[in-house]
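Remarks on the structure that follows.
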Amino acid sequence: MASWKQLEVHTEDQTPHKWSVPLSEDMFKRFFAPGSPIVHKIFGDGSLFSPLLFGKYFDPSDAFPLWEFESDVFLSNLRSSGKTSIDWFQTDDAYVLKADLSAGVENNTLQFFVENGKIMEISGQWKPKGDQSKTKDWRSGNWWEHGYVRRLELPGDADWKDTEAYVSNDMFVEVRIPKSSLDSDNPPAPGKGILAKNSDRL
């Protein structure tokens with residue numbers, strides 16, 4: 001049985017020029033085609049970090065309004081072929097994202113940020129940057145050569161200050177963002193509430 005751990009959701013990040021280098025479609029093709037198996041796992045079909053997750057090319061470092069769309073529509077082809085274990089939905093009191101990150105993603109590099117209360121990002125490194133990391137953050141250059149990211153626009157009624165992120169020992173991730181219009185004084189404990197109620201959705 002999977003055990004869940006709550007991760008910190010950071011709200012302060014002063015990294016200069018973070019995600020300032022866009023990943024164009026042509027650049028991605030040149031990077032992905034000769035890539036290693038771990039590159040294909042992290043950026044391939046069905047991955048949360050794939051630029052092609054939503055049916056057409058979209059730079060994952062750009063913020064995407066995820067909860068404006070239905071996952072059943074966007075992911076129907078990937079699900080029918082068994083290529084993705086991602087879901088997003090909203091309940092009466094929260095916005096939820098669930099994803100299997102077991103392919104190529106390590107727990108100790110995974111980070112969650114909320115930027116200016118408007119954008120949530122999930123990122124991490126798959127390849128250490130070496131000595132250059134002392135002078136320049138990997139996110140400020142060609143970030144895809146060292147890491148991965150998915151940035152998401154938060155809905156207008158999201159209570160971002162109470163965002164919760166959980167990861168299981170087998171690298172399933174769940175993010176819960178309460179809706180500000182409802183009482184969120186008693187959020188569910190790890191492994192309870194949203195996690196338990198919707199554990200069979202993936």
Side-chain angles (χ1 to χ4, degrees), residues 2 4-5 7-10 13 15 17-64 66 69 71 74-88 96-115 119-130 132-133 136-153 165-175 201-202:
W4 293 86
K5 178 177 69 174
L7 300 181
E8 182 179 0
V9 179
H10 302 274
D13 186 4
T15 303
H17 311 300
K18 186 175 67 168
W19 317 123
S20 61
V21 180
L23 178 56
S24 68
E25 187 168 4
D26 287 342
M27 179 67 76
F28 176 72
K29 289 178 180 178
R30 291 196 298 270
F31 165 72
F32 186 79
S36 65
I38 191 171
V39 167
H40 287 181
K41 288 180 179 179
I42 291 176
F43 296 99
D45 287 350
S47 168
L48 178 65
F49 308 107
S50 171
L52 299 172
L53 177 63
F54 303 125
K56 62 180 182 179
Y57 190 87
F58 190 90
D59 183 349
S61 69
D62 285 336
F64 186 83
L66 187 75
F69 301 91
S71 63
F74 263 36
L75 303 180
S76 58
N77 290 336
L78 289 171
R79 286 177 176 171
S80 64
S81 57
K83 291 184 177 180
T84 192
S85 295
I86 297 173
D87 194 14
W88 66 85
V96 181
L97 169 66
K98 297 166 65 76
D100 177 4
L101 304 185
S102 58
V105 174
E106 296 184 6
N107 188 352
N108 61 351
T109 70
L110 196 63
Q111 296 187 65
F112 294 81
F113 290 92
V114 173
E115 179 182 312
I119 296 172
M120 182 184 70
E121 68 178 51
I122 306 169
S123 65
Q125 283 185 268
W126 64 269
K127 180 181 178 183
K129 205 173 185 306
Q132 293 184 16
S133 63
K136 186 177 180 181
D137 191 284
W138 65 272
R139 296 168 294 179
S140 301
N142 291 353
W143 52 267
W144 56 90
E145 296 177 355
H146 303 278
Y148 48 85
V149 66
R150 174 61 69 186
R151 301 179 76 231
L152 305 169
E153 287 185 14
Y166 301 92
V167 62
S168 72
N169 53 359
D170 51 2
M171 286 309 294
F172 276 83
V173 164
E174 180 156 338
V175 179
R201 290 186 65 98
L202 290 179

Taking every non-hydrogen atom, the tightest pair across I119 and A63: CD1-CB, 3.8 Å
is_close_aromatic(F31, F43), centroid dist under 6.0 Å: yes
Where does the angle between the aromatic ring planes of F28 and Y57 fall among parallel (under 30°), tilted (30 to 60°) and perpendicular (over 60°)? tilted
Can you label the angle between the F54 ring and the F58 ring as parallel, tilted or perpendicular, going by 30° and 60°? perpendicular
Can you confirm whether W144 sits close enough to V39 that some side-chain heavy atom of one is under 4.5 Å from a side-chain heavy atom of the other? no
Enter the distance from S71:OG to K98:NZ here, rounded to the nearest 0.5 Å. 11.5 Å
Ionic contact status for D59 with R151, cut-off 4.0 Å: no
Supply the atom-to-atom distance E145 CD to W138 CH2, rounded to the nearest 0.5 angstrom. 12.0 Å
Between P34 and K29, the two heavy atoms sitting closest are CD-O, 4.4 Å
What's the separation between atom CE in M120 and atom CD in E153, rounded to the nearest 0.5 Å? 12.0 Å
Quick check against the 3.5 Å criterion: does W88 have a side-chain atom that pairs as donor or acceptor with the backbone of L66? yes
Where S20 and S140 come nearest, the two heavy atoms and their spacing: OG-O, 3.7 Å
Going through the checks in order, is the ring-ring contact (aromatic ring centres under 6.0 Å, His included) test met by F69 and F64? CA-CA 10 Å; F69 301 91; F64 186 83; 5.5 Å; yes
L97 vs L152 side-chain heavy atoms within contact, under 4.5 Å: yes
Side chains of L53 and S47: does their closest heavy-atom pair fall under 4.5 Å? no
Distance from L48 atom CG to S85 atom OG, nearest 0.5 Å? 11.5 Å
Output the distance between atom CZ (F112) and atom CD (E8), rounded to the nearest 0.5 Å. 12.0 Å
Check whether any side-chain heavy atom of L110 lies under 4.5 Å from a side-chain heavy atom of V173, and answer yes or no. yes
Heavy atoms only: give me the nearest E121-W19 pair and the separation to one decimal. OE1-NE1, 3.0 Å
Can you check whether W143 and W126 have ring centres sitting under 6.0 Å from each other? no
Would a line drawn from the ring center of H40 to the ring center of F32 be shorter than 6.0 Å? yes
Looking only at side-chain N and O atoms, does W4 offer a donor or acceptor that is under 3.5 Å from a partner on E174? no
Spell out, as yes or no, whether a donor-acceptor pair under 3.5 Å connects the side chain of S123 to the backbone of Y148. no
Between V149 and I122, is any pair of side-chain heavy atoms under 4.5 Å apart? no
Between K18 and D13, is the closest basic N to carboxylate O distance under 4.0 Å? yes
Measure from the side-chain N and O atoms of T109 to the backbone N and O of Q125, and report whether any donor-acceptor pair falls under 3.5 Å. yes
Quick check for you: to the nearest 0.5 Å, what is the distance between K127 atom NZ and I42 atom CD1? 11.5 Å
Correct closest heavy-atom pair for I86 and A99 would be CG1-CB, 4.0 Å
Would you say the side-chain atoms of H17 pair up with the backbone N or O of G141, donor to acceptor, closer than 3.5 Å? no
